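Quick caveat, the model's predicted, so the values are computed rather than measured. Below, chain A is the first sequence line, B the second, and so on; all start at residue 1.
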2 protein chains.
Amino acid sequence: MSTPNVAPFLSIRLDKDSPNPIYLQIAEGIGELLKSGALPAGYVLPPERALCERFGISRMTLRQAMGLLDREGLIESRRGRGTVVTPARLRKQQQELKSFSEEIRDRGGRPESRLISLERTLPGESVRDFFELGDQQKVYEIHRLRLKDGEPLALEFVRIPERLCPGLERFDIAKNSLYQILEESYGLRLENCIEEISAEAPTAKLRKLLALPKNAAVLVVNRKTFAEDGRAVELTRSTYRGDQYSAIVRSVRKKKPILRASTSS
Amino acid sequence: MSTPNVAPFLSIRLDKDSPNPIYLQIAEGIGELLKSGALPAGYVLPPERALCERFGISRMTLRQAMGLLDREGLIESRRGRGTVVTPARLRKQQQELKSFSEEIRDRGGRPESRLISLERTLPGESVRDFFELGDQQKVYEIHRLRLKDGEPLALEFVRIPERLCPGLERFDIAKNSLYQILEESYGLRLENCIEEISAEAPTAKLRKLLALPKNAAVLVVNRKTFAEDGRAVELTRSTYRGDQYSAIVRSVRKKKPILRASTSS
DNA sequence: ATCTACGAATGGTATAGACATTTGGTCTAG
DNA sequence: CTAGACCAAATGTCTATACCATTCGTAGAT
């Protein structure tokens, strides 16, 4: 065939007046085709020039879209050969920053929360340094019991500088997501976090609070959360029932540097 | 000043005949400047057009380099404002697939390994399914004790299909990295893994092997490793001393529900 | 003094084309 | 029948240019 088969891509519609740039529309369109599994792994995509013609765009623009798909691991290109669809299990997936509620719901449970205490207090030295606070600036210290499907799952100890969210005690922290309050009411856009995960034997107090069985351990997650502008926002120690909860991590082998243009918006 | 200050970039030399493309040379050059800390966080880079002139290249090419740096989180660009250097703590760091030895050395310890047993055996059903094996195909089962600075740190239980590495018993698994053997002697290019991290109370046997103190928990890491072509390569259960080891994870907030323009290796 | 409108500067998107490099097939000479 | 030359097709790199969108300082009006 002298005219490459672009049939599967006919459904993609471009809107030149959309606020979304063309390369994004293309990437989303093709991306959905790939994620939906409409094209089998190993399927050879039409060459770039054919797709350009099909969409009526220039090649650099198309390549910007392909670059996005490539970075997501949806496609793989080889110079001289062509571009093929990556098998689903090789596709990348970002480690995602989620609230407790989001995470429990993702795992198919019903999240719940009970406020144990909320204090406004002067932090210790290490905490003060972490948040870059002055001598007299206070932090909120929140203890919450987290439940899944009515059963105690974790004890959470959150520390947030008062400076970032003055008047936090006015909110109903048991009912509302803390992340949501921070983002919507205080305009703190959380961007990333670092977690340190360890295992411990529970104290007697914890055994009682979490209703732990006789011979159980707890999973401790120490989390540091940062906002988009780089400020430290939150310092949390979560203690999970070891028999009810586990953390899942995905790692990738380091490769060569990547190529192609990008956006940051 | 009408001529933007490009002084810090004068040291970057381009070689148009190099096999490395120009945009890569630029990205590496600027990237090293940034990683070395020569430019303070928040430093405003010269505008793209000035850098183009400085390097004698076209803007699209420069932007390709900037795209790389942006994706690594080294710089941040805002339309209308300019491009600034990201604070070091916000820079991206891919979750990396590492061997035990690599990881211990990264943390500043001396890794060691003792082989407890190596068997060639018929796997159970779930393992057979995971590796997609036939009825009669066997797997290697390896138990190793892992030490850091001479102290027991973890017990490791590895399963690998014999099909992928026939004759594995000929290697000295205590002395050499298993990952290295798989990559160099069997040509298995490991690409990514998924780990599930949980906390458990140790069995009596484990307490003895790991020389665990009276009231200690263990951190259990179940790892599934896949090769570049997507085949399942390894299934490992590592049991760490909870008082000596913790896992570190980094997460990123998902921005729009669609494709992301940054991040990836 | 304050507000507004404008415009310059800057990064973001898009075009059209050129040449380089790699791959894989085909043709040809031996 | 094979080895090598050659060619076509595909992605990779690069240029030069144009215009768009956002930001911010400033000149001018009130």
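Checked by atom type, the side-chain pair A/Y140/A/E169 shows a donor-acceptor distance below 3.5 Å.
For the pair A/E234 and A/V158, the minimum side-chain heavy-atom distance is below 4.5 Å. Considering only heavy atoms from C-beta on, B/D135 comes within 4.5 Å of B/R128 through its side chain.
Comparing C/dT13, C/dT15, D/dC14 against the side chain of A/T61 picks out C/dT15 as the nearest. The side chain of B/R49 approaches C/dG11 more closely than any other nucleotide in the set D/dG12, C/dT15, C/dG11. Relative to the side chain of B/E48, the nucleotides C/dG12, D/dT13, C/dT13 differ in distance, and C/dG12 lies closest.
We find that B/R91 and B/E72 are not joined by a salt bridge, their nearest charged nitrogen and carboxylate oxygen being 4.0 Å or further apart. Ion pairing between a basic and an acidic side chain is recognised when a charged N comes within 4.0 Å of a carboxylate O; B/R107 and B/E103 show such pairing.
One atom, CE of B/M66, and another, C1' of C/dT13, lie 17 Å apart when rounded to the nearest Å. B/F55 places its CZ atom 13 Å from the P atom of D/dC14, with the value rounded to the nearest Å. For the pair B/D15 CG and D/dT13 C1', the computed distance is 15 Å after rounding to whole Å. Here C/dG17 presents its P atom at 13 Å from CD of A/E53, a figure rounded to the nearest Å. Rounding to whole angstrom units, CZ of residue B/R63 and P of D/dA16 are separated by 17 Å. Spacing between atom CD1 of B/I22 and atom P of D/dA16 amounts to 11 Å, rounded to whole angstrom units. For the pair A/E76 CD and D/dG12 C1', the computed distance is 16 Å after rounding to whole Å. Rounded to whole Å, the distance from CD1 on B/I57 to C1' on C/dC19 is 17 Å.
Applying the 4.0 Å criterion to OP1 and OP2 of C/dG24, one finds that A/R81 has a side-chain N or O inside that range. Close to D/dC14, at under 4.0 Å from its OP1 or OP2, lies no side-chain N or O of B/Y23. Contact annotation: A/S58 reaches the phosphate of C/dT15 (side-chain N/O to OP1 or OP2, under 4.0 Å).
If B/R59 and A/G80 are placed on DNA chain D by their nearest nucleotide, the residue sitting closer to the 5' end is A/G80. Both A/K16 and A/R79 sit near DNA chain C, but only A/K16 has its closest nucleotide nearer the 5' end. Residue A/R78 is the one, among A/M60 and A/R78, whose nearest nucleotide of DNA chain D lies closer to the 5' end (criterion: closest heavy atom).
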